[in-house]
**Q** 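Quick one: structure below, then a few questions.
So that the names make sense, note that chain A is the first sequence line, chain B the second, and so on, each numbered from 1.
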Amino acid sequence: MTQKPEDIKVIIATDCGSTTTKAILIQYDEEKGEYRQTYRGEAPTTVESPFEDVTKGVLNSISELSELSGRELLDENNMILKKSSPSEGADIYISTSSAGGGLQMMVAGVVRSMTAESAERAALGAGAIVMDVIASNDHRLPHEQIERIRQLRPDMILLSGGIDGGTKSHVVDLAELISAADPKPRLGIGFKLPVIYAGNRDAREEVSGTLEEKVDLVIVDNLRPVLEKENLGPARDKIHDMFMEHVMQQAPGYKKLMEWTDSPIMPTPGAVGAIIERVAQLYDLQVVGVDIGGATTDVFSVFVDPEDEKPVFNRTVSANLGMSYSISNILAEATLPNISRWVPFPIDERELRNQIKNKMIRPTTIPQTLHSLAVEQAIAREALRLAFVQHKSFATTLKGVQKQRTIADAFVQTGTEGTIVNMMNLDLLVGSGGVLSHAPRRNQSAMMMIDAFRPEGITRLAVDSIFMMPHLGVLSEVHPKAATEVFLKDCLVYIGTCIAPVGQIKESKDVMKYSIDLPQGRQEGMLRQGEMLLFPLGVGEKASAVFEPTGKADVGAGKGTRVETVVHGGVVGLILDGRGRPLMTVPDDKDARIQQMLSWLENLKVYNMDELKALGRA
Amino acid sequence: MSIWEKLLQIDRRIIYLLVFLAAIIPFLFPAGLEVNTTREVQSIYDFIENLAPGTPILLAADYDPQTQAENGPQAQAVLRHMFKKDLRVVIMTLSQDGAALAEMFSNSVAREYQKRRWEDYTYLGYKPYPSIIILSLGQDFRISYPRDYYNRKLDDIPMMQDIRNLDDVAAVIEIGGGNVCHMWLTYAHERYKVPLALGVTAVSGPQYYPFLQSGQLFGLLGGLKGAAEYETLMDGEYTRLDLPRKAIQGMNVQNFVHVLIVILTVVGNVAFFAIRRRERRAS
Amino acid sequence: MKRRVPMLIVSITGFLLTIQYFSPHPASEMFYNNALDWLVIIGIFAMPLGIYSMVRIQFHKVIRRSTGWGYSVIALISLFTMLGLGYTDKCLENGTFFMKLFEYVYIPIQATMFSLLAFYIASAAYRAFRARNLLATIVLTSAVIVMLGRVPIGWAIHPLIPWLADWIMNNPNMAAQRAITIGLGLGAASTAMKIVLGIERSYMGME
Amino acid sequence: MQTSGYRQAFRILIIVMLWAATPAGSLGVEPEDAGTGLPVIPPMNLVAADTPNDNGNGITLRWDCPPGDDGSGAVISGYVVLRSENSREGYLETAVLGPGTAKYIDNGPAADPVTGEKIHFIRNKPYYYRVAARYASGYRAVSGASGPVQGRAQWFHDGKIPVLTATVLFFALVILYIQKARLQGSELYVRPIAGMKEIDNAIGRATEMGRPILYVLGLGSPEDIATIASYTILARVARKTAEYRTELIVPCNEPIVMTIAQETVRNAYMEAGHPDAYSDDMVFFVTSMQFAYVAAVNGLMLREKTATNCYFGKFYAESLLLSETGNIAGSIQVAGTDEVAQLPFFVTTCDYTLIGEELYAASAYLGRDPLLLGALKAQDFAKALVMILIVAGAVLMSFGIDWLLEIITVRM
């Protein structure tokens with residue numbers, strides 16, 4: 001980058017997805033002194049035949065931007081006009097890509113739960129799809145591991161293992177496995193497969209001796225220099241570089257696109273992760289972001305590790321949890337009773353199965369009736385819940401760390417298995433992906449997110465309106481200020497705040513006394529177990545509130561401890577969730593269940609109630 | 001780094017040095033504080049005090065050189081009391097390394113009282129496999145110990161003539177540590193109902209309180225404190241014989257070290273809370 | 001077969017010894033005494049095995065010049081010196097070289113090792129005695145009381161301290177010890193039963 | 001002690017009353033004690049019977065002391081027990097007892113007054129007994145003979161019925177729960193033990209660090225339950241080290257323990273499919289001296305820089321010496337012992353500690369074998385029973401009801 005950040009006034013960003021290429025325009029508002037996203041264009045992606053040139057789609061989307069904004073962005077040669085003037089051009093152009101299946105990687109480490117897991121975290125964090133993890137203790141024989149590497153043909157391999165000064169033999173063995181497999185890259189015949197070595201410093205010589213001939217070996221700092229610390233940055237950056245240099249080079253048109261962009265192209269999920277991590281860091285927030293797609297669901301989170309009290313970023317990809325291609329799998333994993341518990345009317349199994357199969361065959365269909373909308377949203381809840389369960393089990397504290405004990409530990413000793421996901425500490429929950437971003441009512445998005453993620457205490461909810469997180473992720477590498485400003489102001493559509501006391505309280509007993517100073521007057525009352533309440537509080541509005549949980553309940557300050565705070569509004573408002581955590585069990589009886597569901601949905605204005613009740617009677 | 005943090009991350013060697021000093025200084029300036037006596041020690045004293053002269057009693061000195069600092073003064077104090085009361089003492093050991101120790105201390109204490117070997121006391125020596133030995137004592141001393149430490153036949157030892165088995169001794173006083181105490185409890189006391197008292201190291205002391213309360217032990221000497229209490233009870237005797245009261249001297253050292261540990265604990269906690277409070281305020 | 005036979009022996013012996021406990025009959029006594037004799041014999045036979053293992057390991061270390069092989073040389077020399085001296089008839093009498101080594105080398109070394117505990121306890125207490133929560137605070141307070149109550153200074157500060165220390169030892173401590181003992185007893189009984197039933201086989205090097 | 005004192009006093013009172021109520025002369029002519037003026041009365045109501053619950057080497061004699069015996073020896077200085085194979089003659093002294101004695105178990109030799117030869121007590125031989133009271137004044141009053149009576153061996157000790165009941169009950173419980181566990185499979189819930197779970201991580205740590213793992217079986221003998229539990233954990237650790245290809249060091253304190261440990265490790269390596277990686281040098285004997293052992297193991301820790309130290313078994317004073325050294329060396333340490341006194345040391349210096357029974361439960365926990373799980377559940381149930389008994393006993397005894405105590409008391 002040659003430009004100074006303050007000289008950047010107009011930004012074009014594109015995200016080349018597998019089906020559509022989305023472009024956004026970000027402009028600096030001189031009057032308010034802030035960056036805002038102004039226009040948005042979309043065009044089909046043109047990676048595959050007949051075009052086989054990704055830039056065509058990019059240009060189409062940008063010309064749409066141009067038309068909408070009335071700003072000349074392309075020159076006569078159909079090139080992006082660089083250097084902005086008040087009426088034309090842009091200062092920088094950046095892009096992400098997930099076309100062509102994204103970045104597919106294989107990672108290897110010594111111990112599955114230690115360096116191999118760190119390597120997996122690095123690869124996922126960089127936006128890759130991890131096809132397999134090879135470890136010294138993965139219970140596979142060497143020939144099986146070799147076979148697997150050959151079979152999967154990853155775009156890249158990340159090899160780690162051993163702390164600095166630690167084991168050499170295991171790492172060299174892994175290098176030998178890779179060497180023996182002699183893997184060839186998926187794209188671009190004749191190229192050497194990129195392998196990043198981020199393991200024991202002392203084993204570098206041996207590893208390069210083993211691998212240099214056969215692969216394109218790059219050495220970076222150890223991603224686990226000591227067991228107590230992860231250093232994923234260098235490996236992640238190197239993955240991005242190698243993604244550009246190797247994988248992108250091979251895809252149709254990308255060579256040209258890379259020349260256009262002012263910053264390296266990032267894999268889409270990597271970019272989403274980057275913006276979430278940046279925002280969390282900048283505003284000291286603990287965040288969960290979720291992107292539910294057709295085939296996969298990505299969960300991103302930044303939580304503070306209780307061990308060393310530093311924020312840790314995690315990303316997981318639930319490859320089999322998606323709302324179209326893999327919708328059948330949701331049914332299989334979640335099981336029918338778990339899905340039907342969220343459906344507010346009687347539904348039989350066959351009906352449900354039919355709808356699911358239809359969706360799988362015609363992935364692009366959008367629910368046309370309230371009936372199918374409610375069912376789809378019930379399925380989405382389970383997909384999100386399962387993805388989050390997977391995320392929680394992955395986002396753990398580091399394993400194999402020495403503990404300093406005191407006598408207090410004589411009574412309770414916790415292992416290092418613990419997840420770092422602590423919902424009570426969560427500040428912001430961001431949803432994106434069709435089913436959340438494009439729900440007919442935001443209230444539905446809110447309900448789905450609360451039911452699936454079960455936020456605890458006081459949590460702000462938001463959705464990504466037009467899916468611009470990837471764009472902002474790349475932008476954050478170039479111009480963090482612009483990226484975070486746009487993220488908070490334009491990218492996120494605030495739904496509101498959920499206040500959910502934790503604790504198991506008997507049915508219809510008092511949970512929490514509340515007193516909220518809403519603009520239209522003070523609201524006071526008692527939240528009862530099993531009750532959900534909604535108070536309108538608009539976008540940008542704030543209200544001071546006092547919550548006094550009863551003895552067994554906790555809204556963040558401890559059991560029965562009063563909390564005085566300021567809550568933020570949103571398109572939906574304030575949601576008081578009195579269902580307890582863990583979430584109260586759903587009655588077995590069908591009628592009771594539906595009755596209960598209806599009362600929640602009615603209070604939260606989720607659906608058109610008359611229509612919904614009619615469905616129940618039908 | 002604040003002073004508190006520095007204090008918490010202090011080099012352990014400094015603590016070692018402090019302990020070392022706390023152990024040395026009392027030797028230079030003996031404080032001579034009074035030792036209070038406890039019920040469990042008093043009861044051993046009373047038991048022996050009330051025995052008629054000539055009553056046989058068994059002293060099992062099952063301790064090793066490593067615990068001699070604690071067990072040694074216990075055994076000596078108890079043996080002195082036994083000799084003072086003119087009891088007939090049978091001494092034995094179930095600890096390999098304790099054999100020589102037991103011999104040394106029994107002979108030296110006997111000299112103080114001009115007691116004669118084989119008439120006033122007998123040292124049986126060491127035999128391996130404690131549980132088996134204890135069981136056999138219930139039947140007959142001669143099964144495991146046909147001869148004493150000095151290779152004299154038990155049948156030829158005058159004082160052993162009417163001492164056949166555990167039934168014939170007034171009590172067993174076991175000085176030792178670890179498993180062997182439990183064996184005396186299970187095999188000697190439970191099986192043969194012989195009254196039993198223990199002298200154990202301070203560390204293992206707490207384990208034996210339940211047996212004290214249930215009456216399975218009639219007394220307990222815990223660590224150096226137990227020995228010091230016994231020495232206090234026997235005070236006149238030590239003065240008369242002009243003997244050093246080793247346990248009471250040792251208590252002085254223990255005094256300092258215990259106080260040091262208490263201070264260290266308090267300082268550690270103060271530092272811990274100071275840091276925690278600052279962190280809370282910061283966040 | 002290789003595993004069946006030993007297991008059968010264990011089961012039968014275990015069962016018979018259980019019965020033996022309930023029978024005061026001389027036959028049962030004889031069986032018990034025989035069993036004890038076997039134990040002694042086996043124990044003695046195992047000793048040369050141990051010494052062989054120890055000598056072999058140290059010897060290998062010396063030959064391979066592995067880290068600290070000098071210590072191995074000293075270990076071997078000490079072993080054979082004591083073995084040689086111990087072989088003489090009068091080794092146990094006072095004043096012999098064997099006894100001098102015992103008295104002036106062995107005993108002080110052992111006592112020194114034991115006294116290291118004081119240093120380690122002090123540093124462990126400094127590091128780990130933290131009143132992090134209520135339970136830890138209770139433990140900490142009782143520890144301080146008992147520590148003071150067990151030395152004369154506690155009595156000097158206030159007679160209540162030794163009294164409290166005694167009370168702690170005789171009541172809460174005793175109750176907890178007893179509870180643990182009961183648990184351990186049942187655990188031991190169930191393990192013994194598992195061995196007799198052939199469920200637990202780890203003592204034979206099997207799982 | 002106290003009750004028997006009362007009983008004694010009570011008995012004497014009855015005898016005195018009996019004696020007072022007896023018409024003079026009916027007991028025959030008794031010489032008067034010169035000192036007290038009381039008549040010289042022999043021990044009365046002598047009963048000789050086979051000692052119950054013994055090996056036949058004993059006959060229990062009980063008698064009533066004459067009224068003059070107040071236990072002080074002032075009037076009656078003691079008793080002499082006489083035994084004969086014939087009711088009329090040949091009575092030999094077998095025991096001399098102090099004043100106040102009213103019971104004696106005879107199983108010792110009798111001395112022949114002429115030859116001095118010792119005539120041993122013989123099982124199953126009929127004997128007659130008399131007991132003579134020795135008066136301080138020199139009189140000797142001999143009781144009437146009791147017998148014939150034989151010392152017989154019993155096959156069953158009826159004082160141990162409570163133990164037998166408990167054993168059978170516990171045995172039944174174990175069998176019952178094992179059956180139940182078989183039906184339920186390994187689904188039985190076992191409370192997670194952090195220390196057990198963390199062993200794998202600790203081995204992983206050693207692997208990543210490229211350093212060995214130290215496994216200490218403690219100072220226990222091979223038959224200690226703690227040591228037996230330790231073998232199980234060792235098997236698991238060895239299987240993992242074989243799998244991870246990490247070095248394992250097992251220094252032993254007892255030759256038999258060493259032999260078993262060698263077998264355990266060898267089998268584990270075989271099961272893990274790496275029999276070639278095992279060598280006898282991994283498991284070796286050091287010394288059976290407590291502190292010499294500590295010195296050796298501490299030396300190992302510091303020289304070999306072990307990444308992970310496991311201590312499972314019986315530990316005494318060496319616990320802190322070992323674990324503090326490991327702590328200084330920065331190793332991850334996992335410990336477990338049933339030696340309660342050592343637990344505080346382990347808790348403060350180790351990363352994870354299994355407390356007491358948790359160690360015994362380790363095999364069930366690791367294996368998840370329904371059989372072992374069942375036994376564990378039976379143990380829990382038995383513990384509940386013990387708790388109920390304790391509470392019930394405490395309540396009953398508070399009200400002075402002692403039949404429960406009577407039932408469960410073991411008379412040895």
**Q** Determine the minimum heavy-atom distance between C:Q177 and B:P210, stating which atoms define it.
**A** CB-CG, 3.6 Å
**Q** Are C:M169 and B:L220 packed together at the side-chain level, in the sense that at least one heavy-atom pair is separated by less than 4.5 angstrom?
**A** no
**Q** Counting C-beta onward and ignoring hydrogens, is there a side-chain heavy-atom pair between C:F114 and B:Q68 closer than 4.5 Å?
**A** no
**Q** At a heavy-atom distance under 4.5 Å, which candidate from B:L264, B:N269, B:I261 has the highest pair count against chain C?
**A** B:N269
**Q** Set out, in order, the CA-CA distance, both residues' side-chain angles and the distance that settles side chain to side chain contact (heavy atoms under 4.5 Å, CB included) for B:L8 and C:R130, then state yes or no.
**A** CA-CA 11 Å; B:L8 276 191; C:R130 294 271 180 281; 3.0 Å; yes
**Q** Let me know if C:I109 has heavy atoms under 4.5 Å from chain B in its side chain, its backbone, both or neither.
**A** neither
**Q** Is it the backbone or the side chain of B:F273 that comes under 4.5 Å from a heavy atom of chain C, or both, or neither?
**A** side chain
**Q** Does any non-hydrogen side-chain atom of C:R132 lie less than 4.5 Å from one of B:F272?
**A** yes
**Q** Checking B:E229 against chain C: side chain, backbone, both or neither under 4.5 Å from a heavy atom?
**A** neither
**Q** Taking side chain as C-beta onward, heavy atoms only, is C:V151 less than 4.5 Å from B:M251?
**A** yes
**Q** Any side-chain heavy atom of C:L148 sitting closer than 4.5 Å to one from B:V259?
**A** yes
**Q** Donor-acceptor check, side chain of B:N36 to backbone of C:W155, threshold 3.5 angstrom: yes or no?
**A** no
**Q** When only pairs under 4.5 Å are counted, which of B:H258, B:R276, B:R39 shares the most heavy-atom pairs with chain C?
**A** B:H258
**Q** What pair of heavy atoms forms the shortest contact from B:S214 to C:R178, and how long is it?
**A** CB-NH2, 3.7 Å
**Q** Side chains of C:Q110 and B:T67, heavy atoms from C-beta outward: is any pair under 4.5 Å?
**A** no
**Q** Could you give the distance from CD (B:Q213) to CG (C:N173), rounded to the nearest 0.5 Å?
**A** 11.0 Å
**Q** I need the minimum non-hydrogen distance between B:P65 and C:Y106, along with the two atoms involved.
**A** CG-CE2, 4.2 Å
**Q** Is it the side chain or the backbone of B:I10 that comes within 4.5 Å of chain C heavy atoms, both, or neither?
**A** side chain
**Q** Going by atom types only, do B:Q254 and C:R150 share a side-chain donor-acceptor pair under 3.5 Å?
**A** no
**Q** Looking only at non-hydrogen atoms, find the nearest pair between B:V19 and C:A122 and report the distance.
**A** CG2-CB, 3.3 Å
**Q** Out of C:N170, C:V144, C:D166, which one racks up the most heavy-atom pairs below 4.5 Å with chain B?
**A** C:N170
**Q** For the OH atom of C:Y120 and the CD1 atom of B:I15, what is their distance to the nearest 0.5 Å?
**A** 13.0 Å
**Q** Report which part of C:A156 has an atom under 4.5 Å of a heavy atom belonging to chain B: side chain, backbone, both, or neither.
**A** side chain
**Q** Which atom names give the shortest non-hydrogen contact between C:F102 and B:D97, and what distance separates them?
**A** CZ-O, 3.1 Å
**Q** With a 4.5 Å cut-off on heavy-atom pairs, point out which of B:F20, B:Y150, B:F211, B:Y208 contacts chain C the most.
**A** B:F20
**Q** Drop me the distance from C:S123's OG to B:I14's CD1, to the nearest 0.5 angstrom.
**A** 12.0 Å
**Q** Quick check: does any side chain N or O of B:N255 sit under 3.5 Å from a backbone N or O of C:I153, one acting as donor and the other as acceptor?
**A** yes
**Q** Measure across C:F129 and B:T265 and return the closest heavy-atom pair with its distance rounded to 0.1 Å.
**A** CB-CG2, 3.5 Å
**Q** Please tell me if the side chains of B:L7 and C:Y126 come closer than 4.5 Å, counting only heavy atoms from C-beta onward.
**A** yes
**Q** Go through B:Q66 and C:L117 one step at a time and tell me if the side chain to side chain contact (heavy atoms under 4.5 Å, CB included) criterion holds.
**A** CA-CA 11 Å; B:Q66 53 260 29; C:L117 267 180; over 6 Å; no
**Q** Around atom CZ of C:F31, are there more than 12 heavy atoms of other residues, nucleotides or ligands at under 6.0 Å?
**A** yes
